[in-house]
Amino acid sequence: MEQQTLQDTIKWWQDARFGMFIHWGTYAMAARHEWIKNYEQINDEDYQKYFDFFDPDLFDPKAWAAIAKRAGMKYFVITAKHHEGFCLWDSKFTDYKATNAPCQKDLLKEVVAAFRAEGIKVGFYYSLIDWHHSEFPVDRIHPQRESEEARTKNKDKDMSKYAKYMRDQVTELLTDFGHIDILWFDFSYPGEDGKGHEDWESEKLMKTIRSLQPHVLVNNRLDLDVEPDFQTPEQYTPSAGLKKKDGSPMPWEGCQTFSGSWGYFRDETSWKSPEMLIQMLVNHVSRGGNLLMNVGPTARGEFDYRAIAALETYGDWMKYNSRSIYGCEAAPESFVAPEDCRYTYNPETNRLYLHFLAWPFKAIHLTGLAGKVKYAQLLNDASEILMREGVSDVHSGLNEKSPEKALTLELPIIKPRVAVPVIELFLK
Ligand code: GLC
């Protein structure tokens, strides 16, 4: 088989459009944000209880993978290590890992195997930040930032040892788990009392990565000068596609949460509604982006009921509408979507997808599409949508709505029973 290139990965990944982010670590036990060590300025000694009692007895990665697959997700990115420093795999370079916690399992290995078995591709999130490693200096976002004592110990720390530790661990991740498609580093905060590419030795790290798996996609958070493989807007949706310096489209992936935090947060009440969840996916793809939707499993090793409900929302919608997502991109600029609507476009099949964030009454006028559409149907049930061109109804107010070039679609009065209805337009 031919070697997969970076371009191949980008193509596959952009066609896939929808992935699952998984944030899992010992912070799931605190169940009040994955930054808890920082927010509450907890020292290593007091944080140790989360390691000593970490025992996800209901851990069933096959169940996770089945839910992800049903939701329509084609890849996943899991926190091999988050800022707390705890490693989900049996790394040779630390004792602070799942195999030494009460569960005594290489959790990462099992998750990777289960997702692969469902045909879901693999990505690793790796935290550049490490609030546990002995050589990682206390800085402005460190849990011990206000401790004079901890600060004075900085002089005995050697950041280059930590940078080497990261290269060693990333080498493990790219050697012991087979073919990896995505590496997701998090994150740089250069400047005073912060950390950037010189601290991480990002250039060297990139060399290591490219020498091991040249095709792997690497995100934008290493503080490098060169343009990244993709950008990662976090918890916001850009209002238009992103661009490279030369003006060409920049691959991007928005990362979003169901309820605000990334790790499991028991008492959060800000869970997104089904409409918001679907609209978010549609908004990302209609602007040429991917959506990486996050789940924070509980410390028993399960997706909690609210996450499952949200994932089922995706599954229910994707079952009927995934054709407007996979292989799709922003529509050509000459097609301007009507109010409350979003277009996506599949260049291979030459089909345009019209998504309704609000359901209009009786008809919709599509500017610039007269003479360009062969056939139109509702995607969820393949029922024909009748079309007419030009002004045929003097009472419809079409004169204000560029009647000449508009294509009018006749819609059912009642909104179809899908969170976001889609009409599939077969272009000539
Ligand atoms: C942030 C946070 C973090 C989360 C990440 C996901 O940078 O530090 O907790 O993992 O975003 O994008």
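Treat the numbers as computed from the prediction; the structure is a model and nothing was measured. Ligands are counted one by one from 1 in listed order, and the atoms in each one are counted from 1 as well.
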What part of Y27 sits under 4.0 Å from ligand 1 if we count only heavy atoms: the side chain, the backbone, both or neither?
-> neither

Just go through W35, W262, Y189 and tell me whose heavy atom is the nearest to atom 6 (C) of ligand 1.
-> W262

Please answer whether the main-chain N or O of C328 pairs with a side-chain N or O of R17 as donor and acceptor at a distance below 3.5 Å.
-> yes

Side chain, backbone, both or neither: which part of T79 comes within less than 4.0 Å of ligand 1 when only heavy atoms are counted?
-> neither

Who gets closest to atom 9 (O) of ligand 1 by heavy atom: E34, H33, Q235, H23?
-> E34

Which ligand 1 atoms does W184 reach within 4.0 Å, using its non-hydrogen atoms?
-> 12 (O)

Hey, looking at atom 1 (C) of ligand 1, which of E234, H82, E84 has the closest heavy atom?
-> E234

Identity and separation of the nearest protein heavy atom to atom 5 (C) of ligand 1 = D186 OD2, 3.2 Å

Logged contact type for R221 with ligand 1, heavy-atom cut-off 4.0 Å, is side chain

Looking at F59, does the NZ or CZ of K105 lie under 6.0 angstrom from its six-membered ring centre and within 45 degrees of the ring axis?
-> no

Side chain of W24, backbone of T298: donor and acceptor closer than 3.5 Å?
-> yes

Do K37's NZ or CZ and the ring of Y50 fall within the cation-pi criteria of under 6.0 Å and 45°?
-> no

Please check if the distance between the ring centroids of W64 and F76 is under 6.0 Å.
-> no

Quiz item: cation-pi between K121 and F115, 6.0 Å / 45° | no

For the residue pair Y165 and F93, is the inter-centroid distance of their aromatic rings smaller than 6.0 Å?
-> no

Should you measure from each heavy atom of C255, which atoms of ligand 1 turn up under 4.0 Å away?
-> 12 (O)

